[in-house]
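Worth knowing before you read on, the calculation uses all heavy atoms, side chains too, and leaves out hydrogens, waters and symmetry mates.
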Amino acid sequence: MATDDVFVDTDVLVIGTEGAGARAAISAAEADCDVLCVTKSTIGKSGATLTADADIDVDSKACIEVFGLPGDKRDSEEAFFEDMIVEGDFTNNQKLVEIHVREAAQRTKEIVEWGARIDRLTHAPGHRYPRGIWIPGIEFRRVLSREVKKRPIKLFQNFMVTDLLKDRDRVIGAVGLDFTTGTFTVIRAKATILCAGGAMRMYEHTTAPEELTGEGLGAAYRAGAELADMEFPMFLPYILIAPKAMDGVDYTYLLSAYLESYALNRLGERYMAKWDPLRLERTTRDVNSVGAMLEVIEGRGSPNGGTYLSLSHLPKNVLDFAMREWLPSNVANYKYGGFDMHEWLGDLSENAVETAPACHFWNGGILIDEWCRTTVPGLWAAGEGTGLIHGANRLSGNALTQTQVWGPRAGIDAAKAARQDGHGKIDRQQLSELREKLFQFLGRSGENPIEQRNRIRRLSHLRAGPVRDDESSLLDAIGQVEEMKKEWTALGTRVSDPVFNQEWTEAIQNENLLTCLELVLRSSVVRKESRGAAYRRDFPETNNRDWVKNVVVRRDGEGPDIEVRPVVVTSLTPPTDIRPYGQKQHIAAAAGTE
């Protein structure tokens with residue numbers, strides 16, 4: 001080890017400072033633990049929570065009783081639970097979903113009591129009742145960062161965790177890099193909580209910020225944790241793809257969620273009639289994304305590789321009124337993130353807009369129990385990138401609910417363990433190997449890491465998007481990933497200065513992107529059907545007879561070991577039929593009363 005390496009001890013290490021991470025850190029600090037929270041950027045400006053435009057789901061009856069909003073008293077926690085299971089295509093862990101719906105109102109109430117401002121109540125596709133309490137991501141940022149700073153929580157900002165440390169089978173902390181100095185840092189912790197989000201930046205089109213490159217997923221996998229349902233990255237339909245400056249902007253999706261929009265192919269056909277004749281464009285986001293991608297693949301797409309979203313059938317005065325009065329305030333009147341979207345979209349009463357699916361969320365991920373414990377002692381995980389809460393498809397609004405329900409649970413349980421356990425013993429050989437792995441790229445000749453990342457993104461788009469071609473295509477893509485993994489060890493950077501060295505950062509991140517892409521592809525090979533966010537052209541039906549199951553992966557030597565397991569069922573019996581993809585049964589049918 002170098003003499004300038006930094007060593008830090010803490011009770012609880014929280015990796016991630018935003019929705020789930022902030023709540024985990026707050027709960028651990030309130031349990032009288034020393035807490036260190038780290039983030040790749042700065043608190044309040046890192047990760048996906050800030051970008052949420054943004055409903056948090058609470059059952060509609062509680063919206064009335066707890067928040068005084070105009071909900072629907074016919075709703076209940078049980079109905080909310082049923083919608084999550086049905087729209088998740090029954091691969092959710094029902095024990096986890098029960099906790100999710102039961103604690104949603106109380107955890108949302110807490111953030112409102114801390115000062116988060118509610119805009120209105122919304123009703124998103126897939127929910128039978130209005131459940132989306134509209135609290136924009138900027139409100140979460142403002143309130144949660146303030147609450148973290150009120151407490152004796154130590155912050156490392158501009159800091160990337162690269163790997164977890166282990167003492168035999170137990171995680172005892174992590175190592176990482178301080179971008180501001182380039183210093184290798186060792187953090188020893190009695191309990192470690194991963195709240196690092198997903199790997200959406202693996203894809204060519206994404207709504208996610210730059211930080212979301214799979215660090216938590218990759219580190220957990222290398223540490224031996226089990227991951228589940230990695231074949232189900234979530235895609236958001238109707239995302240802007242042109243001009244390039246607007247690639248990934250989800251404003252047009254928000255329009256489609258609130259206004260009666262038409263999704264058209266190059267022939268002017270409303271192609272969603274093929275997939276969900278009843279709900280059409282108002283179906284769930286997984287089915288919309290698959291439908292759009294297949295239009296492109298089959299040659300009926302737009303010039304830039306998408307399809308068209310049209311509002312031109314609406315009378316101009318209706319459209320103008322809706323844009324002013326119906327949309328939430330942070331996106332009304334063509335406002336979006338400080339931009340005037342008129343300048344980019346033109347007159348929507350006359351012209352359609354080119355859109356495409358973009359990777360938006362990580363449905364699968366690290367396997368957790370009801371207290372966010374992973375399968376590795378000493379390691380907890382919460383928020384996006386944990387598996388089995390959403391199943392094969394997430395309903396709108398449940399990402400923020402997930403952060404607020406599961407972040408506190410992780411913090412409470414990790415703090416309890418930290419009060420009981422001591423620090424583990426650091427293996428100096430392990431530290432030397434991890435340090436060498438990181439610093440090998442600096443200042444040597446080799447392929448540019450950014451060029452490799454672009455190849456990863458293109459391969460992900462073509463082979464691991466919402467539509468996967470067939471087994472031979474998936475196996476060929478796995479072969480390409482294996483070649484890029486070999487090339488990864490020979491990457492280089494043009495300069496040796498470690499301070500805010502973007503090429504160095506990209507090289508380190510590529511390891512995690514390649515890991516996540518490989519696990520998506522290998523899990524997709526195993527699942528021989530189409531379900532939720534993953535459609536296979538060679539197995540186009542949803543096979544409830546054989547595949548209401550979870551695909552679980554863990555590292556075995558240098559490669560993944562894959563196991564298929566039955567789902568956890570508590571009350572809602574899965575169907576046993578085989579049906580065309582996208583045609584989800586009514587709740588009554590799901591409950592066995594059709």
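Ion pair Asp476/Arg463 flagged as a salt bridge, since at least one NZ, NE, NH1 or NH2 atom sits closer than 4.0 Å to an Asp/Glu carboxylate oxygen. Using a cut-off of 4.0 Å between Lys/Arg side-chain N and Asp/Glu carboxylate O, Asp421 and Lys190 are scored as not salt-bridged. A salt bridge between Lys437 and Glu511 is present, with a side-chain N of the basic residue lying under 4.0 Å from a carboxylate O of the acidic one. The existence of a salt bridge linking Glu139 and Arg141 is excluded, since no basic side-chain nitrogen approaches an acidic carboxylate oxygen closer than 4.0 Å. Between Glu231 and Arg522, no side-chain nitrogen of the basic residue sits less than 4.0 Å from a carboxylate oxygen of the acidic one, so the salt-bridge criterion is not met. Comment: Arg373 does not engage Glu370 in a salt bridge, judged by the lack of any side-chain N to carboxylate O separation of less than 4.0 angstrom. For the pair Arg23 and Glu110, the salt-bridge criterion is met [side-chain N within less than 4.0 Å of a carboxylate O]. A salt bridge links Asp276 with Arg279: the closest approach of a Lys/Arg side-chain nitrogen to an acidic carboxylate oxygen falls below 4.0 angstrom. Using a cut-off of 4.0 Å between Lys/Arg side-chain N and Asp/Glu carboxylate O, Glu226 and Arg555 are scored as not salt-bridged. At a threshold of 4.0 Å, the pair Lys95-Glu98 does not count as salt-bridged, since none of the basic side-chain nitrogens sits closer than that to a carboxylate oxygen. Between Glu210 and Lys40 there is no salt bridge, since no side-chain N of the basic residue sits under 4.0 Å from a carboxylate O of the acidic one. Ion pairing between a basic and an acidic side chain is recognised when a charged N comes within 4.0 Å of a carboxylate O; Glu77 and Arg102 show no such pairing. Checked for salt-bridge contact, Arg394 and Glu87 miss the test: no charged N lies under 4.0 Å from a carboxylate O. Between Lys528 and Asp546 no salt bridge is recorded (no basic side-chain N to carboxylate O distance below 4.0 Å). Ion pairing between a basic and an acidic side chain is recognised when a charged N comes within 4.0 Å of a carboxylate O; Arg222 and Asp163 show such pairing. Classification of Arg554 and Asp561 as a salt-bridged pair fails, no side-chain N sitting under 4.0 Å from a carboxylate O.
Cation-pi check for Arg457 over Tyr203 is not met; the charged atom does not lie both under 6.0 angstrom from the ring centroid and within 45 degrees of its normal.
Using modelled atom types, one side-chain atom of Gln94 and one backbone atom of Leu572 make a donor-acceptor pair closer than 3.5 Å. Without hydrogens or angle criteria, Trp371 side chain to Ala410 main chain gives no donor-acceptor distance under 3.5 Å. Although no hydrogens or angles enter the test, the distance criterion places no donor-acceptor pair under 3.5 Å between the side chain of Asn550 and the main chain of Val552. Although no hydrogens or angles enter the test, the distance criterion places no donor-acceptor pair under 3.5 Å between the side chain of Thr206 and the main chain of Met202. When atom types are taken as modelled, the side chain of Arg201 and the backbone of Ala208 share a donor-acceptor pair closer than 3.5 angstrom. Distance alone, capped at 3.5 Å, places no donor-acceptor pair between the Thr515 side chain and the Gly218 backbone.
Residues Leu212 and Ala196 share a closest heavy-atom pair of CD2-O, 3.7 Å. Tyr581 and Asp286 make their closest contact through OH-O, 3.5 Å (heavy atoms, listed as atom of the first residue, atom of the second, distance). Closest non-hydrogen pair, Pro237 versus Tyr253, comes out as O-CB, 3.4 Å. For Thr91 against Gly88, the heavy-atom pair with the smallest separation is OG1-O, 3.4 Å. For the residue pair Leu388 and Ala228, the shortest heavy atom distance occurs at CD2-CB, 3.8 Å. The shortest non-hydrogen separation linking Trp406 to Gly383 is CB-N, 4.5 Å.
Looking only at atom types and distance, the side chain of Asp229 has no donor-acceptor partner in the side chain of Ser523 under 3.5 Å away. Using a 3.5 Å distance cut-off with no hydrogens or angles, the side chains of Arg531 and Asn544 do pair a donor with an acceptor. For Arg131 and Ser60, the side-chain atoms include no donor-acceptor pair closer than 3.5 Å. Side-chain atoms of Ser472 and Asp470 form a donor-acceptor pair, as typed in the model, at a separation below 3.5 Å. Counted by atom type alone, Asn510 and Gln452 present one or more donor-acceptor pairs between their side chains at under 3.5 Å. At a cut-off of 3.5 Å, with distance as the only test, a side-chain donor of Gln402 or His390 sits close to an acceptor on the other residue. For the residue pair His100/Asn398, the side-chain donor-acceptor check at 3.5 Å is satisfied. Side chains of Glu215 and Thr213: a donor on one and an acceptor on the other come within 3.5 Å.
Within a 6.0 Å sphere centred on NZ of Lys416, other residues, nucleotides and ligands contribute 12 heavy atoms or fewer.
To the nearest 0.5 angstrom, Asp11 atom CG is 11.0 Å from Arg188 atom CZ. Once rounded to the nearest 0.5 Å, the distance linking CH2 of Trp380 with CG of Asp369 reads 10.0 Å. Rounding to the nearest 0.5 angstrom, the gap separating the OG1 atom in Thr108 from the CD1 atom in Ile56 is 3.5 Å. We find the CG-CD1 distance between Leu379 and Ile366 to be 6.5 Å, quoted to the nearest 0.5 Å. A distance of 9.0 Å separates CD1 in Ile15 from CZ in Phe159, rounded to the nearest 0.5 Å. Within the model, atoms CD1 of Ile239 and CG of Asp250 stand 5.0 Å from one another, a figure rounded to the nearest 0.5 Å.
Listed by first and then second residue, the ring pair (Phe, Tyr, Trp, His ring centres under 6.0 Å) pairs involving residues 539-566 amount to none (not counting sequence neighbours).
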>> As a quick check of understanding, evaluate side chain to side chain donor-acceptor pair (under 3.5 Å) for Asp89 and Thr542, giving each step before the final call.
In response: CA-CA 9 Å; Asp89 269 330; Thr542 299; 5.3 Å; no
> side chain to side chain contact (heavy atoms under 4.5 Å, CB included) between Cys372 and Asp413: does it pass, once the steps are laid out?
Replying inline: CA-CA 8 Å; Cys372 300; Asp413 198 65; over 6 Å; no
> For Trp362 and Val520, what are the C-alpha separation, side-chain angles and deciding distance, and is it a side chain to side chain contact (heavy atoms under 4.5 Å, CB included)?
Replying inline: CA-CA 11 Å; Trp362 212 264; Val520 171; 3.8 Å; yes
> side chain to side chain donor-acceptor pair (under 3.5 Å) between Arg468 and Ser524: does it pass, once the steps are laid out?
Replying inline: CA-CA 8 Å; Arg468 299 160 206 174; Ser524 298; 2.7 Å; yes
>> Between Arg455 and Gln480, is the side chain to side chain contact (heavy atoms under 4.5 Å, CB included) condition met? List the steps.
In response: CA-CA 10 Å; Arg455 289 196 287 135; Gln480 293 185 54; over 6 Å; no
>> Using side chain to side chain contact (heavy atoms under 4.5 Å, CB included), reason through Ile193 and Leu13 one step at a time and then give a plain yes or no.
In response: CA-CA 6 Å; Ile193 307 174; Leu13 167 63; over 6 Å; no
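Checked against side chain to side chain contact (heavy atoms under 4.5 Å, CB included), Ser27 has the following partners two or more places apart in sequence or in another chain: Pro408, Ile412. Glu103 pairs by the side-chain hydrogen bond (donor to acceptor under 3.5 Å, both in side chains) definition with Arg409, not counting sequence neighbours.
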